Asker: 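Dropping a structure here in structure tokens format, bear with me for questions.
Residue numbering restarts at 1 for every chain, and letters A, B, ... go by the order of the sequence lines. On a predicted model such as this, the values are computed, not experimentally measured, just so you know.
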There are 2 protein chains.
Amino acid sequence: MKNKEIQERRMRGYFMQATKELLKGEGLRSINVRSIADQAGYSYATLYNYFRDVKELVFLCVTDFQEECTAEIMQKVKKTPRGIERIRAITKAYIGYFVQYPSVFNLFFVEKLGDLGQKQPAASLIFTFLDRLCASEWDYCIENGITDENSASLIKQELNFVSCGMLLFYMNRIQPAGYIEFMGMVDLQLNSILNRCGTETN
Amino acid sequence: MKNKEIQERRMRGYFMQATKELLKGEGLRSINVRSIADQAGYSYATLYNYFRDVKELVFLCVTDFQEECTAEIMQKVKKTPRGIERIRAITKAYIGYFVQYPSVFNLFFVEKLGDLGQKQPAASLIFTFLDRLCASEWDYCIENGITDENSASLIKQELNFVSCGMLLFYMNRIQPAGYIEFMGMVDLQLNSILNRCGTETN
DNA sequence: AAAATTAATTAACAATGTTAATTATATTAC
DNA sequence: GTAATATAATTAACATTGTTAATTAATTTT
């Protein structure tokens, strides 16, 4: 039955589209079975014919957002010189994307998504996201002797944690207060971390 | 009416005690008006005679936990040599406390606590917590020329963000998988950040 | 001790997630 | 092409949780 498969995929798509619109617009707060179904133009119970529960549906948006985010970032940094410079640009753009879509940040890093069955794959998908975005640039740096593998691996982690930490404080606690100050702090932190590359081996 | 005040304080205390027990035991998941009231030995509606809502009650536990955490840390590090060494120890103990009580971490850093009226004070209370724990040691470092104010301020922020980021990943995404690996990573990161002190000015 | 006040409890309602029962739609057999 | 069947979608219903209103119990005041 090919038709059935196509139709089912289409239906899932409608609900996912609706969920993504709501997430980007009103945010996670506004997400509930009824609002999603409304947005999709169906009754709330119909959703359960295509998804185990509302968490599965929301979770599926993660992959979509990651792809979108990746595209946006790569577009933004393609003119930046390769190496450390581009790693800095990617990380800034990565942070910028989450500032633009706070609910995506919450979805990725904050929400525990309950006891979602496929928790572990999603977890590593998220944990390695920035690493994957920067992977080829780190390779470039190592190949060109700009840094070595050991310090690269440390700094990768540090970028990951610091980015996430800054975002968490900014989003959740409104600290620092404004976007300008926040991005200023981001610059300082990224400089501090990335300036260490190649200058010495700790 | 002095009695009334005493009684009211006592009642608030009962509910707070109950909430803290639940938080530390079952975690935030298990927190709801009825479970708190049960634990306290009252009906759920009674709670509303003493607290605006359940969020206020939960929020009040933050301060209590901070005090407890501070005491535990200071006890732990009192024999560590002052300066960078002790900053490292405090930060490790700080991370250790949250690993011990994951729900306190959630409460502090993850939960948005809705549109809590007193949001801002709580926010800065949390944001500055590690800084306050380390404040006198940083002063010590600056006074003794171990580091200067500029790099101290950068590194303070970095410690704050990295700690929070590592915890977020570990708690939320089970990454890295085990406690031993996690604490190993913590050591590496703290070394990397703190080794920069005084060796050079970036 | 009766009246009045205060505190505590039960009842009730609203929002949300989820499942069961019912209705509408589409597919298949003749 | 229509009746029987299968599938999909909807409404109804129930569970959980937060919150407020109405009622009952307790305490205080006179």
Asker: Distance check needed: D:dT27 P versus B:I6 CD1, whole Å only.
Answerer: 17 Å
Asker: Consider the side chain of B:N32, meaning its heavy atoms from C-beta on, and name the nucleotide among D:dA9, D:dG18, C:dT18 that approaches it most closely.
Answerer: D:dG18
Asker: B:E8 has an atom CD; how far is it from atom C1' of C:dA7, in whole Å?
Answerer: 11 Å
Asker: Take a 6.0 Å sphere around CD of A:E26 and say whether it holds more than 12 heavy atoms from other residues, nucleotides or ligands.
Answerer: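 Open.
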Asker: Write down the distance between CD1 (B:I36) and P (D:dT17), rounded to a whole number of angstrom.
Answerer: 12 Å
Asker: Can you identify which nucleotide, out of D:dA9, D:dT19, D:dT17, has its nearest atom closest to the A:Y50 side chain?
Answerer: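 Selected nucleotide (nearest to the side chain): D:dA9.
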Asker: Report which part of the nucleic acid B:L47 touches: base, sugar-phosphate, or nothing (heavy-atom distance under 4.0 Å, all strands).
Answerer: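 Touches nothing.
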Asker: Output yes when B:D187 and B:R88 qualify as a salt bridge under the 4.0 Å nitrogen-oxygen rule, no when they do not.
Answerer: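 Here B:D187 does not pair with B:R88 in a salt bridge, since their nearest N and O are not under 4.0 Å apart.
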Asker: Expressed in angstrom and rounded to an integer, what is the separation of B:Y42 atom OH from C:dA7 atom P?
Answerer: 12 Å
Asker: Is the shortest side-chain N to carboxylate O distance from A:K20 to A:E68 below 4.0 Å?
Answerer: no
Asker: What integer distance in Å separates B:D38:CG from C:dA8:C1'?
Answerer: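 Going from B:D38 (CG) to C:dA8 (C1'), I get 15 Å.
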Asker: Would you mind reading off the distance between B:D53 atom CG and D:dT19 atom P, rounded to a whole angstrom?
Answerer: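 Nearest whole value for this atom pair: 5 Å.
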Asker: Would you indicate which nucleotide in D:dA9, C:dT9, D:dT19 comes nearest to any side-chain atom of B:R34?
Answerer: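 From the listed options, D:dT19 comes nearest.
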Asker: How long is the line joining CG of B:L28 and P of D:dT17, in whole Å?
Answerer: 14 Å
Asker: Would you mind telling me which residue lines up with the more 5' stretch of DNA chain C, B:A45 or A:Y48, judged by nearest nucleotide?
Answerer: B:A45
Asker: For a quick test of reading the model, state the closest non-hydrogen atom pair linking B:K78 to B:R86 and the distance between them.
Answerer: O-NH2, 3.2 Å
Asker: Answer with base, sugar-phosphate or nothing: what part of the nucleic acid does B:Y44 contact at a heavy-atom distance below 4.0 Å?
Answerer: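 Here B:Y44 touches the bases of the nucleic acid.
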Asker: Is any side-chain N or O of A:S43 closer than 4.0 Å to OP1 or OP2 of D:dA9?
Answerer: no
Asker: Could you pull out the closest heavy-atom pair between B:S30 and B:S35, with the gap in Å?
Answerer: O-OG, 2.8 Å
Asker: To the nearest Å, how far apart are B:E56 CD and D:dG18 P?
Answerer: 15 Å
